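Down below is the structure, laid out as structure tokens.
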Amino acid sequence: MSTVRTRFAPSPTGYMHIGGMRTALFNWLWARHNGGQFILRIDDTDQERNLSEALGPILQAFKWLGLNWDEGPEVEGEYGPYFQSERNDLYRAAVDQLLAEGKAYRCYETPEEIQADREAAQNEKRNYLNLRRSLELTESEKEQYEAEGRPSVVRLLVPRDQKIQIDDAVRGHVEFDAGLMPDPVILRGNGTPLYNLATVIDDAQMKITHVIRAEEHLSNTPVQVLIFQALGYDLPVFAHIPFVAAPGGKEKLSKRKLDKYRKSPQFKKMFDKAEAVFPRIGLENAGGLDPVMVEYYEKIGYLPEAILNALARLGWSLDDKTEIMSLDKIVENFTLDRIVKSAAGLDPDKLLSFQSHWMNQLSLEEKVAHCSPYLQKAGLVKDAGDPATRQRISQVIVGMEDRLKVASDILDFDEFFVADDQLEYDEKNFKKRIQNSEEAVPLLEKIKNRLANADDFHAEALDKLLHDFVEAEGIGMGQIIHALRAAVSGKGTGIGMFDCLAILGKESCVKRIERAITLSQSE
RNA sequence: GGCCCCAUCGUCUAGUUAGGCCCAGGACAUCGGGUUUUCAUCCCGAAAACAGGGGUUCAAAUCCCCUUGGGGUCACCA
């Protein structure tokens, strides 16, 4: 059997779509599973954009996730060029061949004529088919048209008596009636190729064996099959995988529907997270990032392992119970026959659960490395490499335990990084736990003194100190712990109380308690 | 509207190709209980689905037909 070659062909849009990434992943997986090659080819026939700006984020997404490509931009390869804009001669040659063999024809009909034909068909409730008027033209008429400079396109001459059979690796046998298909334009008036032509020529000449793509392409597969056949190429194996749907629905995930997603309960938390995190790390307007883009996940602190695991499980499964899989394990087990047929909604909760798992697999050092940049960008630490700072970050991360899910979660624990007189108090919690509590202030005074005189400020010693305290006072732990937490951290929840005190250190704890007492009495 | 695809818990899925091992298994989310004298975690438990209707068969989530529902696509976009 020949080497498996798969490809992903993004158009440079300036961002990498998370659904597109899933398609790319399946292609990559299939190539790697078979020891074959994965090719990246750029569909840049629409040349209006600045290519490097538009392509950069896409390549970056692949690099971030660790999905390497064997041929394509930056690495090249023997079937290049890998930019469609540089392959025009190839397309023109193929069109000339089709024209010469009578498998395609020049069409001189105007857009207005075609539009009128379409409407007529619509009115009569019949399927639209080209009238093929240009086929009736005599040679001299054609010459005259060319001499006049009349615009024309090249259309594929669809053999209307055929049934087109596709044996799809995911969908099975699918049949289309060519008698229902209008002749598709394959070359524009300006001489540039259309997608269906370019993709077929590229796939054939790059020796792609498996075309794995989203199912919205299923309906233009018959056109492509016809082009493959007209050009005398062997058909690749097609595998039309379900698209990634928006959370809580079956509609294709699309950047055009962002406003709708913002209101979706399932999606809302992802937007909320962006609003909470991005402005703090210097990205105004969330940096133009949203959860449809792969970059959103990178910037908010997801791990490649989590994204890959979640994406692989969207429309594919290993068996009846395995959820957590490393990329190696997925590569080892990935087969086309285990791809699901129906569209699957991206589930933010499940993604977060994968993320939580993979974050927990990291060593403390790795966690520190992931979290530190957030603190630094938010201006909470000056130099994360400084030993004392690094020590503080490590301690907080240890204390956070499973509360650390995405790397930017560290920002929720900013109380450990702000100056004592800059600490902000959650107003509601402060009122409840300190201001409106009769016993809070006297108890805080007492515990402050005890803490100030403590010899040992480690968590275990503080644990004992607090227990001795409540016993001496004849109160319950709950009576002091909430007020104490509010005073030193400003918040109602956080890491374990004793760890919290120990990390802050004696001096900070005392100062913060004093400040809280003063604040509670000033209003 | 034409053509095409799809249909199992709220969600992602196992089971459908080779009908019986499935009064349907797992995971996420949810709810309840326990641990943590705070929060999160963790542990235990609960609730939760074969879209509907006809067949075929001793036996159907699984095969056939119809209906319904959802989605994709109908460009000189990709």
Side-chain angles (χ1 to χ4, degrees), chain A residues 9-13 20 43-46 84 107 111 114-115 118 121-122 125-128 151-155 166 168 170-172 174-177 180-182 184-196 198-199 213-223 240 242-243 245 247-252 265-266 310 313-324 337-338 340-354 356 360 399-405 433 466-467 470 476-486 491-498 500:
Chain A
S11 49
T13 52
D43 277 12
D44 60 342
T45 47
D46 172 18
Q84 287 193 330
C107 171
I114 293 181
Q115 184 58 28
R118 279 185 193 280
Q122 182 99 28
K125 292 193 174 162
R126 60 182 165 75
N127 188 55
Y128 166 76
S152 67
V153 297
V154 177
R155 289 183 187 273
I166 296 162
D168 193 280
V170 173
R171 267 146 232 286
V174 183
E175 204 173 277
F176 293 87
D177 185 352
L180 264 19
M181 290 165 52
V185 174
I186 53 177
L187 199 71
R188 291 189 186 91
N190 68 5
T192 58
L194 262 75
Y195 167 75
N196 278 327
T199 208
R213 62 189 7 170
E215 67 170 307
E216 66 253 34
H217 287 283
L218 186 55
S219 51
N220 54 42
T221 302
V223 173
H240 287 92
F243 50 78
K250 289 285 179 210
E251 283 182 8
K252 187 169 70 167
Q266 294 93 335
R313 277 291 289 105
L314 218 51
W316 178 83
S317 67
L318 169 56
D319 54 27
D320 60 341
K321 55 178 77 71
T322 313
E323 295 283 337
I324 302 289
D337 61 336
R338 290 202 62 83
V340 169
K341 290 187 177 70
S342 55
L346 181 71
D347 184 349
D349 283 325
K350 192 136 185 172
L351 174 58
L352 196 60
S353 133
F354 280 122
S356 183
N360 272 314
M400 282 170 75
E401 296 181 70
D402 292 25
R403 295 171 188 85
L404 177 64
K405 291 189 165 71
R433 297 303 186 186
L466 261 294
H467 278 94
V470 298
M477 186 63 92
Q479 287 170 272
I480 181 63
I481 212 163
H482 295 291
L484 187 54
R485 178 186 293 284
K491 293 171 184 162
T493 59
I495 72 174
M497 195 65 247
F498 312 121
C500 175

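Predicted, not measured: the structure shown is a model, and the values here were computed from it. Each chain gets a letter, A, B and so on, in the order the sequences are listed, and its residues count up from 1.
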Could you list the protein-to-nucleotides 39-44 of chain B atom pairs, N/O on both sides, closer than 3.5 Å?
unit_1: B:rC39; atom_1: O2; unit_2: A:Arg403; atom_2: NE; d: 3.0
unit_1: B:rC39; atom_1: O2; unit_2: A:Arg403; atom_2: NH2; d: 2.8
unit_1: B:rC39; atom_1: O2; unit_2: A:Gly494; atom_2: O; d: 2.8
unit_1: B:rC39; atom_1: N3; unit_2: A:Arg403; atom_2: NH2; d: 2.1
unit_1: B:rC39; atom_1: N4; unit_2: A:Arg403; atom_2: NH2; d: 3.4
unit_1: B:rU41; atom_1: O3'; unit_2: A:Asp402; atom_2: OD2; d: 3.3
unit_1: B:rU41; atom_1: O2'; unit_2: A:Asp402; atom_2: OD2; d: 2.5

### Distance test, side-chain N/O of A:Lys252 to OP1/OP2 of B:rU73, below 4.0 Å
yes
### Distance in angstrom units between A:Ile481 CD1 and B:rU37 P, rounded
8 Å
### Message
Just the rounded figure in Å: distance from P of B:rC74 to CD1 of A:Ile114.
### Response
16 Å
### Message
Say we look at B:rA49 and B:rC23: how far apart would their C1' atoms be, to the nearest angstrom?
### Response
13 Å
### Message
I want to confirm an ordering. Mapping A:Ser152 and A:Met477 to their closest nucleotides on RNA chain B, which one lands closer to the 5' end?
### Response
A:Met477
### Task
Tell me what A:Asn220 touches on the nucleic acid: a base, only sugar-phosphate, or nothing, going by heavy atoms under 4.0 Å.
base
### Query
Any donor and acceptor pair, going by atom type alone, linking the side chain of A:Asn220 with main-chain N or O of A:Val223 inside 3.5 Å?
no
### Task
Provide the distance between the two C1' atoms, one in B:rU17 and one in B:rA61, to the nearest whole Å.
15 Å
### Task
Starting at atom CG of A:Leu346, determine the distance to atom C1' of B:rA27, rounded to an integer number of angstrom.
16 Å
### Task
Using a cut-off of strictly less than 4.0 Å, decide whether A:Arg338 has a side-chain nitrogen or oxygen near OP1 or OP2 of B:rU13.
no
### Task
Taking only the side-chain nitrogens and oxygens of A:Arg213, find out if one of them lies under 4.0 Å from OP1 or OP2 of B:rA78.
no
### Query
A:Asn196 has an atom CG; how far is it from atom C1' of B:rC74, in whole Å?
12 Å
### Message
Give me the distance, rounded to whole Å, that separates B:rG45 from B:rG26 when you measure between the P atoms they each carry.
### Response
11 Å
### Query
For A:Phe243, which contact category applies under a 4.0 Å heavy-atom criterion: base, sugar-phosphate, or nothing?
sugar-phosphate
### Message
With side-chain hydrogen bond (donor to acceptor under 3.5 Å, both in side chains) as the criterion, how do A:Thr221 and A:Arg213 come out once you've worked through the C-alpha distance, each side chain's angles and the decisive distance to 0.1 Å?
### Response
CA-CA 11 Å; A:Thr221 302; A:Arg213 62 189 7 170; 3.2 Å; yes
### Residue closer to the 5' end of RNA chain B, A:Ser317 versus A:Gly189 (nearest nucleotide)
A:Ser317
### Query
Taking the side chain of A:Leu194 as heavy atoms from C-beta outward, which of B:rC3, B:rA78, B:rC12 is closest to it?
B:rA78
### Message
Using the P atom as the point on both nucleotides, what is the distance between B:rG19 and B:rG32, in whole Å?
### Response
45 Å
### Task
Go through the steps for A:Asp43 and A:Gln84 under the test side-chain hydrogen bond (donor to acceptor under 3.5 Å, both in side chains), then give the verdict.
CA-CA 5 Å; A:Asp43 277 12; A:Gln84 287 193 330; 3.0 Å; yes
### Message
Heavy atoms from C-beta onward define the side chain here; which of B:rA78, B:rC4, B:rC76 lies closest to that of A:Pro111?
### Response
B:rC76
### Query
Taking the side chain of A:His482 as heavy atoms from C-beta outward, which of B:rC76, B:rU38, B:rA78 is closest to it?
B:rU38
### Task
Check every atom of B:rC28, B:rU73, B:rA78 against the side chain of A:Asp349 and return the nucleotide holding the closest atom.
B:rC28
### Task
May I ask you to decide if A:Lys341's main-chain N or O and A:Arg171's side chain share a donor-acceptor pair within less than 3.5 Å?
yes
### Query
Once you round it to whole Å, what is the distance between P of B:rG72 and CG of A:Leu218?
14 Å
### Message
Would the base of B:rG26 count as contacting A:Glu323 through its side chain, where contact means a donor and an acceptor less than 3.5 Å apart?
### Response
yes
### Between B:rA27 and B:rA47 - P atom distance, rounded Å
15 Å
### Task
For residues A:Phe243 and A:Lys250, report the shortest heavy-atom separation together with the two atoms involved.
CE1-O, 3.4 Å
#### Entry: Distance between P atoms of B:rA40 and B:rG33 (Å, rounded)
14 Å
### Query
Taking the P atom of each, how far is B:rC65 from B:rC4, in whole Å?
15 Å
### Task
Using whole Å, report how far CG of A:Asp319 lies from P of B:rU16.
13 Å
### Query
Looking for any heavy atom pair under 4.0 Å, which part of the strands does A:Gln266 touch: base, sugar-phosphate only, or nothing?
nothing
### Summary
Among the nucleotides B:rU37, B:rC76, B:rU13, whichever has the atom closest to the side chain of A:His467 is B:rU37
### Task
Please tell me which of the listed nucleotides, B:rG72, B:rA29, B:rC74, lies nearest to the side chain of A:Arg118?
B:rC74
### Query
Any idea which of B:rG71, B:rU37, B:rC3 is nearest the A:Phe176 side chain?
B:rC3
### Message
Restricting to non-hydrogen atoms, name the atom on A:Phe354 and the atom on A:Glu323 that form the minimum distance, rounded to 0.1 Å.
### Response
CE2-O, 3.2 Å
### Task
Give a yes or no on whether the ring-centroid distance for A:Tyr195 and A:His217 is below 6.0 angstrom.
yes
### Query
What is the distance, rounded to the nearest whole Å, between atom CG of A:Asp337 and atom C1' of B:rG15?
14 Å
### Flag, side chain of A:Arg188 to backbone of A:Pro193, donor-acceptor distance under 3.5 Å
yes
### Query
Hey, does the side chain of A:Arg188 come within less than 4.0 Å of B:rA78's phosphate (OP1/OP2), counting only N and O?
yes
### Query
When rounded to the nearest Å, what value does the distance between C1' atoms of B:rU35 and B:rU16 take?
43 Å
### Query
Within the modelled atom types, does a donor on one side and an acceptor on the other bring the side chain of A:Lys350 and the base of B:rA27 under 3.5 Å apart?
yes
### Query
Quick one: does A:Arg338's side chain have a donor or acceptor within less than 3.5 Å of a partner on A:Leu318's backbone?
yes
